[in-house]
There are 2 protein chains.
Amino acid sequence: MANDKEVAHGASSKKPNPNPKNAKKKEVKKETGLGLSNKKDENFGDWYSEVVVNAEMIEYYDISGCYILRPWAISIWETMQVFFDAEIKKMKIKNCYFPLFVSPGVLQKEKDHIEGFAPEVAWVTKSGDSDLDVHIAIRPTSETVMYPYYSKWIRGHRDLPLRLNQWCNVVRWEFSNPTPFIRSREFLWQEGHTAFATQQEADKEVLEILELYRRIYEEFLAVPVIKGKKSEMEKFAGGLYTTSVEAFIPNVGRGVQGATSHCLGQNFAKMFEINYENEKGEKAMVWQNSWAYSTRTIGVMVMVHGDDKGLVLPPKVASLQVIVIPVPYKDVDMQAIYQACSSTVNALEEAGFRVEADIRDNYSPGWKYSHWEMKGVPLRIEIGPKDLANKQVRVVRRDNGAKKDISMDGLVDGVKNLLSEIQESMLNAAIQKRDACIEKVTTWDEFVIALNKKKLILAPWCDEEDVEKDVKARTKGETGAAKTLCTPFDQPDLPEGTLCFASGKPAKKWTYWGRSY
Amino acid sequence: MANDKEVAHGASSKKPNPNPKNAKKKEVKKETGLGLSNKKDENFGDWYSEVVVNAEMIEYYDISGCYILRPWAISIWETMQVFFDAEIKKMKIKNCYFPLFVSPGVLQKEKDHIEGFAPEVAWVTKSGDSDLDVHIAIRPTSETVMYPYYSKWIRGHRDLPLRLNQWCNVVRWEFSNPTPFIRSREFLWQEGHTAFATQQEADKEVLEILELYRRIYEEFLAVPVIKGKKSEMEKFAGGLYTTSVEAFIPNVGRGVQGATSHCLGQNFAKMFEINYENEKGEKAMVWQNSWAYSTRTIGVMVMVHGDDKGLVLPPKVASLQVIVIPVPYKDVDMQAIYQACSSTVNALEEAGFRVEADIRDNYSPGWKYSHWEMKGVPLRIEIGPKDLANKQVRVVRRDNGAKKDISMDGLVDGVKNLLSEIQESMLNAAIQKRDACIEKVTTWDEFVIALNKKKLILAPWCDEEDVEKDVKARTKGETGAAKTLCTPFDQPDLPEGTLCFASGKPAKKWTYWGRSY
């Protein structure tokens, strides 16, 4: 079961050690073999695997489709978690934890829902050497785990709204193309499950949560996303409607569903008998939502920003924002340089930045530059004898390679400004690249050409399921069929008489189409 | 599979709703049926189940041994997590996430270890309708999940120490006496796994972590614990030695292992070939630790502090520290009272306390008192017309029922002092109760008498495994055999010539014995 995609890379497994010992005995490593062996434009899939492994985010695991999330990845997850958790707590949503296991009777209660998930469900059938009387499923998502208890807890209108969230792992035993972060058999996510007296309240929350998801992508990960509604075919199994934020990976011309906020309507409420006595003393049924984002977010970020030198991290989520590297020269007072490095780290740390110095004596500055570029650290500070003499430091941006000298007096402000510039310009650059891929088409021929050019296609559509199925069938090929990504909330004008690009029937809306992850 | 211990309690499922609507239509509920039907001293097990359910910490789940952790419990978990996570990050320990699944080959690599866990391992054998070629285990703990990768990542002395932690769920499919928090088939925990160049460093960390566990129990949960070392029989399967913090539940006379910090020595390193090149260029083997605390902590807190009115929460972990309750009288200006409640909440909230007002108009003050006592809120503030006239509030402590008037001017300071008094006196009261149960014995006869009196027994012991086995066999009975709990680090004098209480051989140490969870 060992995954043959695993990329060995001795150098990247070295941990920085701030205490240089036995300095004289060591040979300084200067090899520049640190670069990636795959290029983003040439071999995207292998490039991606190589980046996530060499940047020490992921280690391939001996069970296919499962991955080890290393500290360099988990710290990003935690930063998003702190933000999202605080925001939903402001909305009076409370955290809870429901079991990993589901009994089959409950799992199968909602037919459409289980149809959507059944092939991917992992089953526990044994404990120790004993067979279990009843097989037990591992949650692929927790609607059916939770809702029997919502039915129990909700009695009267005063019990509403009931708004719970949990941070947990879920398992979907998929067999197609496991990809770190993007498609894995186990992943981490939050799942919110809420119940309201009215559809109006549910609708409102769907969009409030979607906005938080947009902020995670755009404000934290610097990844532009499109807010919209999924088609009937693509919506959550058993729900009423699904909204999503959709990202796009220009290099492969694929959309990727970033996170989803579903209105479940009253369908689960009916199946699980989630009723309450309303203010008039009548029996009524709740309206429900569920919403989730997962560690997939991290993969999207890597795909959008990474380059041929490795990972590029937006400063807001980088567990290390600034790396300070001493640049030794022959016959130079190294002690003074190390001191300058150390005072630089202290000053920036005090100002609240995440910063470290790499003062290992067995690696050359060039090796260190490559190493920290591979890991995507947003800002590098170099300090050599000339900088010391001029009371300045040399700063180098990871995102665009721009270099600049900052006087030591203006260090904190200079770094502060640069980091927020980087954050902003990473988003802007990603928007530009994404927008350059958007193509508006109105006919089938234009659609096919755009699809072959790996575009994110905006097309007028009749909104009929058969037509979407037909488009899927007609575009089936090696690289996967095209499907709807979302109908954007931000709709261009749709002049009277516009026809569906695929069916020739009257178009009802502009919808994004493309291949997707 | 439904658990018949489930305690229905309609009233406790009502959520506070701060907006009283249709005030005049509602009948005010005055029933006092809120109390527990079991008493802590009379029927401890049923009392415990009733408390955790009625306080809305736990809901029994339709799979036996699995429990739903409701917000009232999860908020306590999160408070401890924030503390512990920050402390270990100061120690340069980093968070990561390894998969839930283990392949059988790896799981079985360390023989003693797997012997300890094998009977409890849950196995996934199917996905969808397909049988898996290789059965896959769900982690009961992650030593064997992680260490193959430690072997890969650790090459040279600069890669050490490697210190990782993860927050996750684990599964142990036990069949004996499932008890919420204390013994459940799935539970939440953190598990730290570290590797060092020297035993000295490993030994040091074992105790540093154990001290954090002590602080969680004593400073947060107000539960006294004894630090010590486990016997060879009771240590972690496959490890070198195990240290623990041990709590005691006076009502049932049982010890409960609070959390464990293990030194694994080099045993796993040998099995998983975790070697490195030391500074002299020689091949060396790492020293490892693993350590964990779990949601069991919450159960111990409930057992120690709860009383016949329900849960009693230490202020530091209570998700609600103060509940403000208006006390209406006939022909009184209720508007002014509600305003006083609201300004009290605002003042306390601004000062950083977790506080709410219960202004529901369909429950009487008496009902509300019982309700919030059941849920264990540390401090109740009552505001009635007399309080208003005297510019004061009435405060009532949950832990001892003491009442006191505080002037509205001195509100914030008064509450601050009271909450820290409560935190302190809950720990002191628990220490007194625990200490009253400690009995020093030196002979077998004294031991048996003390055991029957449900004591926590401190006895001189020869430290031989056969003797511990013999004590277990001789005390086997309905309520479970006695075993060693720990050898406390804090050792009383052991005069030359003292004999083992059980074998009559020379005693080597004082050790705590008793029944345990």
Side-chain angles (χ1 to χ4, degrees), chain A residues 1 10 13-15 17 21-22 59 61-63 66-71 73-75 77-78 94-103 106 118-129 134-136 138 148-149 152-153 155-156 158-159 162 164 168-169 171 173 185-186 188 279 360 362, chain B residues 1 10 13-15 17 21-22 59 61-63 66-71 73-75 77-78 94-103 106 118-129 134-136 138 148-149 152-153 155-156 158-159 162 164 168-169 171 173 185-186 188 279 360 362:
Chain A
M1 257 179 304
S13 75
K14 299 278 177 194
K15 304 277 166 320
N17 180 336
K21 289 173 195 164
N22 304 319
E59 185 75 68
Y61 190 62
D62 79 334
I63 296 174
C66 294
Y67 305 96
I68 298 163
L69 305 187
R70 302 181 70 180
I74 281 294
S75 63
W77 182 244
E78 287 178 342
K94 290 183 173 171
N95 285 337
C96 63
Y97 186 77
F98 280 73
L100 175 68
F101 297 119
V102 206
S103 57
V106 175
E120 300 173 0
V121 170
W123 290 93
V124 176
T125 68
K126 282 174 66 180
S127 75
D129 289 329
V134 179
H135 293 183
I136 289 172
I138 301 182
Y149 301 91
K152 182 175 179 193
W153 295 333
R155 297 286 178 204
R158 286 168 188 273
D159 301 328
L162 177 58
L164 298 179
C168 65
N169 55 345
V171 171
W173 206 262
R185 284 178 171 172
E186 181 196 4
L188 302 182
E279 299 191 15
R360 290 178 288 180
N362 60 332
Chain B
M1 254 178 307
S13 75
K14 300 278 176 196
K15 304 279 165 320
N17 179 337
K21 289 174 193 163
N22 303 317
E59 185 75 68
Y61 190 63
D62 79 334
I63 296 175
C66 294
Y67 306 96
I68 297 163
L69 305 187
R70 302 183 69 178
I74 281 294
S75 62
W77 183 242
E78 288 178 342
K94 290 184 173 170
N95 284 337
C96 61
Y97 186 77
F98 279 73
L100 175 69
F101 297 119
V102 206
S103 56
V106 174
E120 300 173 0
V121 170
W123 291 92
V124 176
T125 68
K126 282 175 65 181
S127 75
D129 289 330
V134 179
H135 294 183
I136 290 172
I138 301 182
Y149 301 91
K152 182 176 179 190
W153 295 333
R155 298 289 178 200
R158 285 168 190 272
D159 300 328
L162 177 59
L164 299 178
C168 64
N169 54 346
V171 171
W173 208 261
R185 286 180 170 172
E186 181 196 4
L188 302 182
E279 299 189 16
R360 289 178 288 180
N362 60 332

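Chain identifiers are assigned alphabetically (A, B, ...) following the order of the sequence lines, protein sequences preceding nucleic acid strands; residue numbering begins at 1 within each chain.
B:Asp62 and A:Ser103 get closest at one heavy-atom pair: OD2-OG, 2.8 Å. Scanning both residues, A:Phe101 and B:Cys66, for their nearest heavy atoms gives CD1-SG, 4.1 Å. Taking each heavy atom of A:Trp173 and B:Ile136 in turn, the nearest pair found is CH2-CD1, 3.6 Å. The shortest non-hydrogen separation linking B:Pro99 to A:Glu186 is CA-OE1, 3.3 Å. Here the closest heavy-atom approach between residue A:Val102 and residue B:Tyr61 is recorded as CA-OH, 3.8 Å.
For the atom pair CH2 (B:Trp77) and CG (A:Asn95), the distance works out to 14.0 Å, reported to the nearest 0.5 Å. A distance of 8.5 Å separates NZ in A:Lys152 from CD1 in B:Ile68, rounded to the nearest 0.5 Å. Rounded to the nearest 0.5 angstrom, B:Leu164 CG and A:Ile74 CD1 are separated by 10.5 Å. Summarising the geometry, atom CH2 belonging to B:Trp153 is positioned 4.5 Å from atom CZ belonging to A:Arg70; distances are rounded to the nearest 0.5 Å. Once rounded to the nearest 0.5 Å, the distance linking NZ of A:Lys94 with OG of B:Ser75 reads 8.5 Å.
Interface summary for chain B: among A:Asp129, A:Thr125, A:Leu100, the most heavy-atom pairs under 4.5 angstrom belong to A:Leu100.
Using a 4.5 Å cut-off between heavy atoms, A:Ala118 contacts chain B through its backbone alone, with no side-chain atom that close.
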| message | Determine whether A:Asn169 and B:Tyr97 satisfy the following criterion, side-chain contact (heavy atoms from CB on, under 4.5 Å), listing intermediate values before the conclusion. | response | CA-CA 10 Å; A:Asn169 55 345; B:Tyr97 186 77; 3.3 Å; yes
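Taking 4.5 Å as the limit, every side-chain heavy atom of B:Val124 sits out of range of all side-chain heavy atoms of A:Trp123.
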